[in-house]
There are 2 protein chains.
Amino acid sequence: MRPTKRDELVQKALTAFYSNGFNATGMDMLVKETGISKTSMYKHFRTKEDLILAVLRLRDENFRNWLYRRMEELADDPKEQLISMFDALEEWFSEPGYKGCMFIKASSEYQDASHPIHKQSADHKRMLETHMSDLATKARLNNPEPLARKLLLLKEGAIVTAHLGHTENAAQDAKAAAVQVLHAHNS
Amino acid sequence: MRPTKRDELVQKALTAFYSNGFNATGMDMLVKETGISKTSMYKHFRTKEDLILAVLRLRDENFRNWLYRRMEELADDPKEQLISMFDALEEWFSEPGYKGCMFIKASSEYQDASHPIHKQSADHKRMLETHMSDLATKARLNNPEPLARKLLLLKEGAIVTAHLGHTENAAQDAKAAAVQVLHAHNS
DNA sequence: AACAAAGTGTACCGATCTGTTCACTTTGTT
DNA sequence: AACAAAGTGAACAGATCGGTACACTTTGTT
């Protein structure tokens, strides 16, 4: 197996889908932007949907790896790591091509809850929840699961608000709220 | 001017766009679902984009009216009205056809910040922010603007989380967080 | 050198997209 | 009764959609 060409396709398709949307990015545009022939694409993926699912898998891996690592780099203490999630988000929001969360967009374009793309997006959010809940447990905070859910609500809110762009500093607003919420979960 | 036919079109188009998405809803499907001829549609709106903008205006009006009224019905005190926003949201989330926020979806499909549809979605969020900030001022809470922004972060987070459906009670989680945040803004 | 796997380029399929045209019918007003 | 505004239905245009067919070239392995 030579994974390079396939991985190159998925990587470049990710960029195209992220900045143009799923429905709005046709396979011919993908040919143009990736430089990979359509014949080759359809040898690797039977349908466009299969390609999108592969793109989402890559995005899940990249994003979670990046976020978890960045949180660890920004703080040692697990409690402070939870808070520093919002500093990591701020870095993301201020990147030039920031266009919101790929999974929120995927679930916007594939709304049916039973659709594979929708389900895979939900899986991504679930994994984040598990991780944050584990961190809250390590930090010996009260009611770790509800706390994790609250922090993630702030995260999702900040992501869409930063994209809608009607607020300057969504990440720092979310961080301030997180500190206040977290204070209520101290023993 | 007979506004009935045009309003009927916008109202029915709203339903179709909300449950199918914007790109995924073609004009021919709109003809089928509204019972209004395509010729007539294009006499009222020069492009599909114009129709979408009219749909978003209606949605903005309906949603803000509904939310503000519901908050007033659920509580007298302005501070409690802010909290009861999340009870109103819970009612919305549990409606059968709930599919998330139309403006978030619009900004997902029309990502460019300079696009009229994107800008109009941002306007909607801004108006919510102004209203909540006014309420926070009336309630004599500290730092009303930052507080309003935090509550709205929780609102947006709850909306997308309820749609992604990976959590049972997004509205109540958001409400609990809101209470904790609001506590920190008491004098 | 030989062979198979992998990739390319182009033309094509039927369906659907936004938007237009045109001849016709309904409706409201005077 | 007459007239204009508003609405209808169906065909059509040109582009694009996801996906396929086919003949060809490149690449890696032995």
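Note: hydrogens, waters and symmetry copies are ignored here, and every other heavy atom, side chains too, is used. So you know, we letter chains A, B, ... as the sequences are listed, proteins then strands, and number each from 1.
- Electrostatic pairing of A:Glu61 and A:Arg57 does not count as a salt bridge here, judged by no charged N lying under 4.0 Å from a carboxylate O.
- At D:dG7, one or more side-chain N or O atoms of B:His44 fall inside 4.0 Å of OP1 or OP2 (strictly under the cut-off).
- Listed by residue number, B:Gly35, B:Ile36, B:Ser37, B:Thr39, B:Ser40 are the residues of residues 23-41 of chain B with a heavy-atom contact under 4.0 Å to DNA chain D.
- Computed from coordinates, the B:Glu49 CD to C:dT18 P distance equals 13 Å when rounded to whole Å.
- Annotation: cation-pi pair A:Lys12/A:Phe17 absent, no NZ/CZ under 6.0 Å from the ring centroid and within 45° of its normal.
- Atoms NZ (A:Lys43) and P (D:dT27) sit 15 Å apart, rounded to a whole Å.
- Here the P atom of nucleotide D:dT26 and the NZ atom of A:Lys5 are 14 Å apart, to the nearest Å.
- When every heavy atom of A:Glu156 is checked against every heavy atom of B:Gly157, the shortest pair comes out as CB-CA, 3.9 Å.
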Per-pair distances, 0.1 Å, donor-acceptor, side chain in residues 92-101 of chain A, under 3.5 Å, sequence neighbours excluded:
unit_1, atom_1, unit_2, atom_2, d
A:Ser94, OG, A:Glu90, O, 3.1
A:Ser94, OG, A:Glu91, O, 3.0
A:Tyr98, OH, A:Ile159, O, 2.8

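- The closest side-chain heavy-atom distance from A:Ser84 to A:Asp87 is below 4.5 Å.
- Counting atom types as modelled, A:Lys48 pairs no side-chain N or O with a base atom of D:dG19 as donor and acceptor under 3.5 Å.
- For the pair A:Leu9 CG and C:dA6 P, the interatomic distance rounds to 15 Å; values are reported in whole Å.
- In this structure, B:Lys48 forms no cation-pi arrangement with B:Phe22, as its terminal cationic atom is not both closer than 6.0 Å to the ring centre and no more than 45° off the ring axis.
- D:dG18 atom P lies 13 Å from atom CZ of A:Phe22, rounded to whole Å.
- In this structure, the CG atom of A:Asp50 is 9 Å from the P atom of D:dG19, given to the nearest Å.
- Note: B:His163 and A:His118 have perpendicular aromatic rings, judged against thresholds of 30 and 60 degrees for the angle between ring planes.
- In this structure, A:Phe45 places its CZ atom 11 Å from P of C:dG7, rounding to the nearest Å.
- A salt bridge is absent between B:Arg126 and B:Glu129: the closest approach of a Lys/Arg side-chain nitrogen to an acidic carboxylate oxygen does not fall below 4.0 angstrom.
- If you check the side chains of B:Asp60 and B:His124, you find a donor sitting under 3.5 Å from an acceptor.
- Remark on the helix from C:dA1-D:dT30 to C:dT30-D:dA1: inter-end axis angle 20°, axes from five-pair C1' superpositions, rounded to 10°.
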